[in-house]
Amino acid sequence: MSKKINHEIITADVLIIGGGTAGCYGALTLSRNSDLKVVIAEKANIKRSGCLAAGVNAINAYIVEGRTPQDYANYAAKDAGGIVRHDLLLSAAERFNQVTAEMEKLGLVILKDEKGRYVARGNRNIKINGENFKPILAKAVDTAKNVTVLNNVNITDLLVHNNQVEGAVGFHMTEDTAYEIHARAVLVSTGGAAGLYKPNNPGFSRHKMWYPPFNTGAGYAMGIRAGAEMTSFEMRFIALRCKDTIAPTGTIAQGVGAKQINSRGEVYEEKYGITTSERVYGTVKENQLGNGPCYLQTKGISREKNEELLKAYLNMAPSQTLRWIESGKNPGEEDVEIAGTEPYIVGGHTASGYWINTNRETTIKGLYAAGDVAGGCPQKYVTGALAEGEIAALDIIKKLEKEERERKIPEAVSLYAEKKIKEYEIILNNPLPRFSQEALEEAMQKVMDEYAGGISTNYQFNENQLRLADENITRLLKLAEDMNAGHMHELMFVYELRERLEVCRSVIAHLLYRKETRWHSFNENLDYQEPREKYFGYVNSRLVDGELHLSLKSIVKGAEYEHQN
């Protein structure tokens, strides 16, 4: 007997896809400033979803005393070699402190000194007790007016007609229900993409990674398929992390001023540079030269600093604190070994994502992007995601107030939604395929690792390898068309695999197009090992009739940018 899915139609003014930091703050802004009906579709539960699920111990983007938003924008631009959107950086930085203050009002604990001032950590950070950051934000959303949260609903596709967004389609992960959601505006805030490359740790521990393994590039993939313009996928992000635990290193580097040293005790960070990519590159090179392992020099720090580190990691990466305790050696007794992670595609640290205007609207009318899924604005972190959710929400309000409330849904949109729901049913009723989702995922990670600059090749690649990667990913995409799912949760895994494969294809195309090495390790092209002035611009792509079309765009320097298409 074939399995049927219930088909439910929901109507809203605004649909938010992804209930992480940006999505939740966007919903709060919409609720407080309008009477628009808002629906959040979140595949997990907004209480503990997104990058802040486990908490965070610092606000990494804050304008501390004596600094300005322009200072922050300049820092982020320099770190990314100038391939940034200055309008996006500045408009986000101007809101960092405001959104932080709002989070404090909601109950976030921000550490203060004896004079009541926030405790700074370096030039751009302040310390917080942020284990419950996401539950605080979720609680505010749960009590907001005109906001409905659909937890455990996995959105797979945007509904777009004549380059105008009309909503999205997806399914519930535990109930046999598919949702066709009609909306006058859609905000994508699904996060970036992890799991494209073979990770640091194997087998059971493969999800012990820096970026959430549940962020599969869904927002990117649905935008790519809908024909939205994307940017900078070749600016991959590789995090420098505590080895094995994959815990953040910034808490050690900034919190106690620890330097990067090799096994000979030599400080090597100045030798290679101290931008985010150069810190990774230096560590890779020292290991290649036989000077590894590499460490953060914590040996000899004070007892007070020791205690600070043990407590700080409990807010964000408790496995690192447990490692110190289990080894019987505190950070002050032994340096902390460091390593790079596998590459990720993420717009919160680098500039990968949707190509957006200053108000965070994509090239599809009515479709917005905020947080890690939005491109052009690197080093945005948590406050940048909050700021972008707010900016997008305010523009949505402004635009929708000028429109008629009722909008007739084109027949083509409903037919497309029905087609997608039929696709879900085909997968659920499919006999066992040749390959499992997990087998194809492992094959994808092996291809990306070996041919598209993963850990095993020290993040390096050449054009022949990239062409092989493209050939193999295309083959895997074809195999992924024949999938089986025993229930709705397994159906989600099928779509996560397809999303990752689609993002892989774009990453490879972008890496091939940028014929230079602009950011060491992030795009280490062995055929073109130096920057080339010709490529000082954004590499953008758009999927047209199944083919990716790439182009180079000039740097946007003005305070405002609007799409010309």
Side-chain angles (χ1 to χ4, degrees), residues 54-67 75 100 104 108-133 210 239-276 278-280 282-283 286 291-340 381-382:
V56 66
N57 62 23
I59 296 290
N60 287 327
Y62 189 83
I63 311 304
V64 300
E65 197 174 331
R67 302 280 175 168
Y75 150 73
T100 302
E104 188 174 29
L108 181 68
V109 176
I110 303 179
L111 304 189
K112 295 187 174 77
D113 62 19
E114 62 280 356
K115 293 183 179 178
R117 297 173 301 197
Y118 292 160
V119 177
R121 192 185 79 175
N123 294 325
R124 295 169 290 275
N125 306 350
I126 56 172
K127 295 182 180 181
I128 66 171
N129 286 343
E131 183 278 336
N132 61 348
F133 197 117
W210 167 74
L240 187 66
R241 289 298 180 258
C242 303
K243 191 175 180 295
D244 300 327
T245 63
I246 317 301
T249 53
T251 299
I252 301 173
Q254 294 176 321
V256 300
K259 297 288 188 183
Q260 290 175 227
I261 60 169
N262 60 26
S263 61
R264 307 179 198 282
E266 300 162 341
V267 176
Y268 65 82
E269 56 187 50
E270 289 91 353
K271 180 177 168 185
Y272 298 97
I274 56 171
T275 66
T276 307
E278 287 166 346
R279 285 183 180 279
V280 176
T283 304
E286 286 299 300
N291 296 330
C294 294
Y295 302 89
L296 280 174
Q297 191 172 28
T298 56
K299 200 171 181 179
I301 62 172
S302 69
R303 185 174 177 178
E304 182 187 8
K305 292 288 186 186
N306 223 31
E307 289 298 313
E308 273 184 30
L309 286 181
L310 290 169
K311 289 177 183 175
Y313 277 95
L314 287 175
N315 268 324
M316 181 172 55
S319 57
Q320 184 60 34
T321 300
L322 290 172
R323 179 169 182 158
W324 280 319
I325 292 169
E326 287 171 358
S327 70
K329 291 183 179 179
N330 286 323
E333 299 171 89
E334 186 176 70
D335 296 325
V336 177
E337 189 176 351
I338 54 177
Y381 304 115
V382 175

### Task
Report the C-alpha separation of R323 and D244 in whole Å, then their side-chain angles, then the decisive distance to 0.1 Å, and conclude whether the side chain to side chain contact (heavy atoms under 4.5 Å, CB included) test is met.
CA-CA 10 Å; R323 179 169 182 158; D244 300 327; 3.2 Å; yes

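- The cationic atom of R124 (NZ for Lys, CZ for Arg) lies less than 6.0 Å from the six-membered ring centre of Y75 and within 45° of the ring axis.
- Summarising the geometry of D113 relative to V119, their closest heavy-atom pair is N-CG2, 3.7 Å, with the distance given to 0.1 Å.
- The two residues A258 and T298 have their closest heavy-atom pair at CB-CG2, 4.3 Å.
- Here S319 contributes atom OG and E326 contributes atom CD; the two are 9.5 Å apart, rounded to the nearest 0.5 Å.
- When all heavy atoms of I261 and Q297 are compared, the closest pair comes out as CG2-OE1, 3.7 Å.
- E278 places a side-chain N or O within donor-acceptor distance of the main-chain N or O of T275, the cut-off being under 3.5 Å.
- Interatomic distance, T245 OG1 to E337 CD, rounded to the nearest 0.5 Å: 10.5 Å.
- No donor-acceptor pair closer than 3.5 Å links the side chain of Y295 to the backbone N or O of E334.
- Not a single donor-acceptor pair under 3.5 Å links the side chain of T249 to the backbone N or O of C242.
- Within the 4.5 Å cutoff, no side-chain heavy atoms of I59 are placed close to those of N125.
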### CA sep, side-chain torsions, deciding dist, call: K127, E308, salt bridge (Lys or Arg N to Asp or Glu O under 4.0 Å)
CA-CA 11 Å; K127 295 182 180 181; E308 273 184 30; 3.5 Å; yes

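- Using modelled atom types, no side-chain atom of N291 and backbone atom of N262 make a donor-acceptor pair closer than 3.5 Å.
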### Query
Between E266 and K271, is a salt bridge (Lys or Arg N to Asp or Glu O under 4.0 Å) present by the stated rule, with each step listed?
CA-CA 10 Å; E266 300 162 341; K271 180 177 168 185; over 6 Å; no

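- Without hydrogens or angle criteria, T283 side chain to R279 main chain gives a donor-acceptor distance under 3.5 Å.
- Distance check, rounded to the nearest 0.5 Å: SG of C294 to CD of E269 gives 11.0 Å.
- With a 6.0 Å radius and a threshold of 12 heavy atoms from other residues, nucleotides or ligands, K311 has its NZ atom at or below the threshold.
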### Candidate pair V109 and I128, rule side chain to side chain contact (heavy atoms under 4.5 Å, CB included), full reasoning
CA-CA 6 Å; V109 176; I128 66 171; over 6 Å; no

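- Counting only distance, with no hydrogens or angles, the side chain of T321 and the backbone of L310 share a donor-acceptor pair below 3.5 Å.
- Open room surrounds CD1 on I274; 12 or fewer heavy atoms of other groups in view lie less than 6.0 Å from it.
- Heavy-atom contacts from other residues, nucleotides or ligands closer than 6.0 Å to CD of E270 number more than 12.
- Across all non-hydrogen atoms, the minimal contact from Q260 to I338 is CG-CD1, 4.1 Å.
- Expressed to the nearest 0.5 Å, how far OH of Y118 lies from CG of L111 amounts to 11.0 Å.
- Nearest heavy-atom pair, Q320 versus A247, reported as atom, atom and distance to 0.1 Å: CB-CB, 3.7 Å.
- Judged by distance alone, with hydrogens and angles left aside, the side-chain atoms of E333 form a donor-acceptor pair with the main-chain N or O of N330 at under 3.5 Å.
- Among all heavy-atom pairs drawn from T251 and A312, the shortest one is CG2-CB, 3.8 Å.
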### Task
Report the C-alpha separation of I301 and N306 in whole Å, then their side-chain angles, then the decisive distance to 0.1 Å, and conclude whether the side chain to side chain contact (heavy atoms under 4.5 Å, CB included) test is met.
CA-CA 7 Å; I301 62 172; N306 223 31; 3.9 Å; yes

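- Between the NZ atom in K112 and the CD1 atom in I126 there is a gap of 8.5 Å [rounded to 0.5 Å].
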#### Entry: Derivation and outcome, side chain to side chain contact (heavy atoms under 4.5 Å, CB included), residues R67 and Y62
CA-CA 9 Å; R67 302 280 175 168; Y62 189 83; over 6 Å; no

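- Atom CD1 of I252 and atom CG of L309 lie 6.0 Å apart (nearest 0.5 Å).
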